[in-house]
Amino acid sequence: MTRRATLAGISAGLLLLGCSVGAPTKSEPRPESVPVSAASADATTTAEAIGLLRGGTAFVNQTSYRSDVDIASQITSLSHTDNVHKRLTAKVTAPGGVIEIRMIDDEVYMKTSLFRGVGDEWTVLDPARVPSDFALSFAPGKNDSGGSGRLIDAIVTARADGPEISGTIDATRIAAGNGISFRPGPGGVFPDSARRHTFRASLDTEGRLVSFLMPEASGLPNASLRYSDFGTTVTVARPPGAIAAPDALYPQLGLGEGK
């Protein structure tokens with residue numbers, strides 16, 4: 001199997017059951033323009049803070065780690081990832097069932113109770129049949145089981161105060177993928193305030209990102225991403241008796257077609 005399928009199940013699991021935001025709110029008044037000098041200072045401050053966050057995720061390619069995602073205490077994921085040695089275990093829990101993933105080198109195994117026409121035994125995925133939108137890998141840039149890069153890309157403003165970073169994020173710009181994601185409410189529209197949603201992030205004493213928190217507000221549920229257990233050995237066992245994933249599985253990955 002090729003590496004294209006890595007973490008595909010995690011992406012599918014979270015997006016399949018991704019939280020929808022509330023009905024759109026009334027448009028809020030646009031803020032008054034600020035002096036160019038102030039805007040420039042804010043842009044510099046934001047760029048510096050984003051630089052710290054990006055630097056804080058370098059561990060993804062350097063060592064093993066644990067990532068925990070929680071969306072409104074309804075959708076949670078726990079992953080242990082070692083991109084250096086190509087090992088991963090993950091468990092996504094959501095209303096209606098669980099998705100478990102094991103990855104060893106290029107082999108991807110899935111066990112789930114969330115899909116129609118799919119039994120509860122361990123299966124082996126065929127990467128050629130996994131939707132390309134959810135095909136991640138151990139390769140740099142596609143190997144973060146917590147999905148921090150998508151959050152950082154959506155930041156609008158940010159300021160660092162030592163190891164604490166806070167600011168606003170445009171939730172409508174959080175791209176599809178594993179980790180935190182939101183769907184618009186009725187009518188396919190996000191509340192205006194979702195474009196200026198607050199966030200808080202923390203770095204540890206070695207500058208690594210250890211938390212990224214988004215509080216409940218303006219129709220968005222609370223969501224959190226945490227990293228820990230850096231350098232811990234990730235041991236993954238091949239599930240005995242795993243069978244080829246049934247045809248019914250592939251069309252349901254990420255399409256909201258769960259049981």
From K91 atom NZ to S77 atom OG, the distance as rounded to the nearest 0.5 Å
12.0 Å
Within 45° of the ring axis of F230 and under 6.0 Å from its six-membered ring centre, is that where the NZ or CZ of R208 lies?
yes
Check for me, please, whether I152 and V210 land in the same ILVMFWY cluster - side-chain distances under 4.5 Å, paths through other members count.
yes
Got R54 and D153 here, is their nearest side-chain heavy-atom distance under 4.5 Å?
yes
D70/R226 ion pair, N-O < 4.0 Å
no
Should R87 and D105 count as an ion pair when the cut-off is N to O under 4.0 Å?
yes
Salt bridge check: are E107 and R238 linked by an N-O gap of less than 4.0 Å?
yes
Using 0.5 Å steps for rounding, measure from the CG atom of L225 to the OG atom of S148.
6.5 Å
N/O donor-acceptor pairs under 3.5 Å from side chains in residues 239-246, not counting sequence neighbours:
none

If you apply the rule side-chain contact (heavy atoms from CB on, under 4.5 Å), what do you find for L151 with I180, and how did you get there?
CA-CA 8 Å; L151 301 177; I180 297 172; 4.1 Å; yes
Rounded to the nearest 0.5 Å, how far does CZ of F212 lie from CG of L53?
6.5 Å
Between R159 and D161, does at least one N-O distance fall below 4.0 Å, as a salt bridge requires?
no
Pairwise distance CG(D68) to OH(Y227) - rounded to 0.5 angstrom:
10.5 Å
